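Report on one structure; see the data block that follows.
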Amino acid sequence: EAIEGKELDALSDEELRNKVDQISVYARVSPEHKIRIVKAWQDNGNVVAMTGDGVNDAPALKQADIGVAMGITGTEVAKDAASMILTDDNFSTIVKAISNGRNIYANIKNAIKFLLSGNTAGILAVLYCSLLALPNPFVPLHLLFINLVTDSLPAIAIGVEPYRKDIMKEKPRKMDEPLLSRSFALEVLFEGILISCVTLVAFYMGKQVNHLTASTMAFSTLCLARLFHGLNCRGKASLFQLGVFSNKASWLATLLGVVLWTMIMTIKPLMSIFEIASLSKEQFISIGMLSLVPLVVIQLIKLILGAQKVRSTSKN
């Protein structure tokens, strides 16, 4: 439908709110009318973007959730009132900005997920040993190494995950949607429990020898499992769907972390500083296999869920 300003005057705010999603064209409207239109969309629970270039657009640009002013033809008043300025006056730039914003938000959320799930695993392992009156599985330097190396390197790599072209196909998230939603928290908890379980298995395997070996195996398993878990947190889809080598920084971070871990596991002075026991070849193999369990399990779950999503989409 199309509507003129004089017809808008005849509508109450409630009538406009009920009718606004049916109107596509507004003609001969005043600044007051534009504000009413923006408010009507907002009252219906929508996120509103307003584009404009003139002085008359300034009030509505200010009222909108995102005001977009023209950088070339726009007036200074419109630019001051807007949240964003198009320096090329090209409307398609808005789409690019939304795509960039969504990808940046997704990368931040994935990095937070990686950090929270990894730290949850360490906390659960220590809590388990405390409740059962077992010796602490880690020494302070172990946790310091994990925080400085195992946490930071993959998190930075996740932050530079390449932009996904299909991200604009996703539905916009609600304005009141929290970053730590219930589903997000459950994923973090599940992944944390999974990494904690393999860490404790390694701890019990080493405990059959002595406590130093148990602590070394628990630390090594937690360290490597968290490094590999960084690959899981690159995105919602599996590595095969994202592109196994599309984020070279992620693989570089994992490799560098493994190299640094290998150094403190094999160089005598570092072994003494970090309180590391000498491990046998079989124990190193056990650590490697246990560390890969979370990666394999989570990737299989993502592949299954991805296949189910494809089937449901094809049916629709």
Side-chain angles (χ1 to χ4, degrees), residues 47 49 65-66 68 83-84 86 92-122 146-192 194-195 222-258 260 294-303 305-306 309-310:
V47 180
D65 298 291
I66 302 292
V68 184
S83 307
M84 183 170 71
L86 295 180
S92 65
T93 304
I94 299 174
V95 181
K96 294 178 182 178
I98 295 171
S99 176
N100 287 344
R102 286 190 177 190
N103 276 291
I104 290 170
Y105 181 83
N107 286 351
I108 292 172
K109 193 170 182 177
N110 290 334
I112 291 173
K113 181 181 180 182
F114 164 73
L115 293 171
L116 289 180
S117 57
N119 287 324
T120 299
I146 289 171
N147 286 329
L148 292 179
V149 177
T150 310
D151 278 356
S152 59
L153 293 177
I156 293 170
I158 292 169
V160 296
E161 180 71 22
Y163 288 179
R164 293 191 292 111
K165 295 180 180 179
D166 63 341
I167 200 163
M168 292 300 286
K169 295 179 182 179
E170 296 179 3
K171 291 183 179 180
R173 59 186 175 86
K174 295 180 181 179
M175 286 187 68
D176 58 350
E177 178 184 312
L179 178 64
L180 300 178
S181 61
R182 185 172 180 272
S183 59
F184 183 83
L186 288 174
E187 287 179 19
V188 168
L189 184 60
F190 169 74
E191 293 169 4
L194 187 58
I195 297 173
L222 179 61
C223 187
L224 293 181
R226 289 176 70 165
L227 282 172
F228 298 144
H229 185 52
L231 301 173
N232 284 327
C233 294
R234 283 179 50 191
K236 293 181 180 178
S238 69
L239 287 175
F240 302 102
Q241 293 166 314
L242 293 172
V244 177
F245 299 106
S246 60
N247 186 354
K248 294 181 176 61
S250 186
W251 287 102
L252 181 61
T254 304
L255 179 61
L256 183 56
V258 172
L260 293 173
L295 175 65
V296 174
V297 170
I298 294 170
Q299 286 301 310
L300 284 174
I301 292 173
K302 288 185 175 185
L303 283 171
L305 293 177
K309 186 177 180 181
V310 169

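The figures that follow rest on heavy atoms only: side chains count, while hydrogens, waters and symmetry mates do not. Computed from a predicted structure; not experimentally measured.
- With a 4.5 Å cut-off on side-chain heavy atoms, H229 and I298 count as touching.
- For A155, the side-chain contact (heavy atoms from CB on, under 4.5 Å) partners are F114, L115, not counting sequence neighbours.
- The side-chain contact (heavy atoms from CB on, under 4.5 Å) check on V188 picks up K113, L116, S117, T120, F184, with sequence neighbours excluded.
- The side chain to side chain donor-acceptor pair (under 3.5 Å) test applied to S152 returns no partner, not counting sequence neighbours.
- Residues forming a side-chain contact (heavy atoms from CB on, under 4.5 Å) with L300 (at least two apart in sequence, or on another chain): V296.
- Residues that satisfy the side chain to side chain donor-acceptor pair (under 3.5 Å) test with K109, not counting sequence neighbours, are absent from this structure.
- Taking each heavy atom of N103 and R164 in turn, the nearest pair found is OD1-N, 2.9 Å.
- Closest non-hydrogen pair, A121 versus L222, comes out as CB-CD1, 4.1 Å.
- Nearest approach of G257 to L227, heavy atoms of both residues: C-CD1, 3.5 Å.
- By the 6.0 Å contact criterion, OH on Y163 is enclosed, its count of non-hydrogen atoms from other residues, nucleotides or ligands being greater than 12.
- For R102, there are no side chain to side chain donor-acceptor pair (under 3.5 Å) partners at least two apart in sequence or on another chain.
- Of the inter-residue distances, the one linking T254 atom OG1 with L295 atom CG reads 9.0 Å to the nearest 0.5 angstrom.
- From L260, atom CG reaches atom SG of C223 across 9.0 Å, with rounding to the nearest 0.5 Å.
- Residues passing the side-chain contact (heavy atoms from CB on, under 4.5 Å) test with L148 are L144, sequence neighbours excluded.
- In terms of the side chain to side chain donor-acceptor pair (under 3.5 Å) criterion, residue partners of S181 (sequence neighbours excluded) are, by chain and number, S183.
- Considering every non-hydrogen atom in both M84 and A97, the closest pair reads SD-CB, 4.1 Å.
- Taking each heavy atom of L303 and S238 in turn, the nearest pair found is CD2-OG, 3.3 Å.
- Atoms CD1 and CG, from I94 and L86 in turn, are 5.0 Å apart once rounded to the nearest 0.5 Å.
- Within the structure, the salt bridge (charged side-chain N to carboxylate O under 4.0 Å, His left out) test picks out the following pairs touching residues 147-157 (sequence neighbours left out): D151-R226.
- Listed here is the closest heavy atom pair of I167 and A106: CD1-CB, 4.5 Å.
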In a table with atom names and distances, give each donor-acceptor pair under 3.5 Å that connects a side chain of residues 245-253 to protein atoms at least two apart or in another chain.
unit_1: S246; atom_1: OG; unit_2: R234; atom_2: NH2; d: 2.6
unit_1: S246; atom_1: OG; unit_2: L242; atom_2: O; d: 3.1
unit_1: S246; atom_1: OG; unit_2: G243; atom_2: O; d: 2.8
unit_1: N247; atom_1: OD1; unit_2: A249; atom_2: N; d: 3.2
unit_1: N247; atom_1: OD1; unit_2: S250; atom_2: N; d: 3.3
unit_1: N247; atom_1: ND2; unit_2: A157; atom_2: O; d: 3.1
unit_1: N247; atom_1: ND2; unit_2: E161; atom_2: OE1; d: 2.7
unit_1: W251; atom_1: NE1; unit_2: V244; atom_2: O; d: 2.6

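- Distance check: I195 CD1 to E191 CD gives 7.0 Å after rounding to the nearest 0.5 Å.
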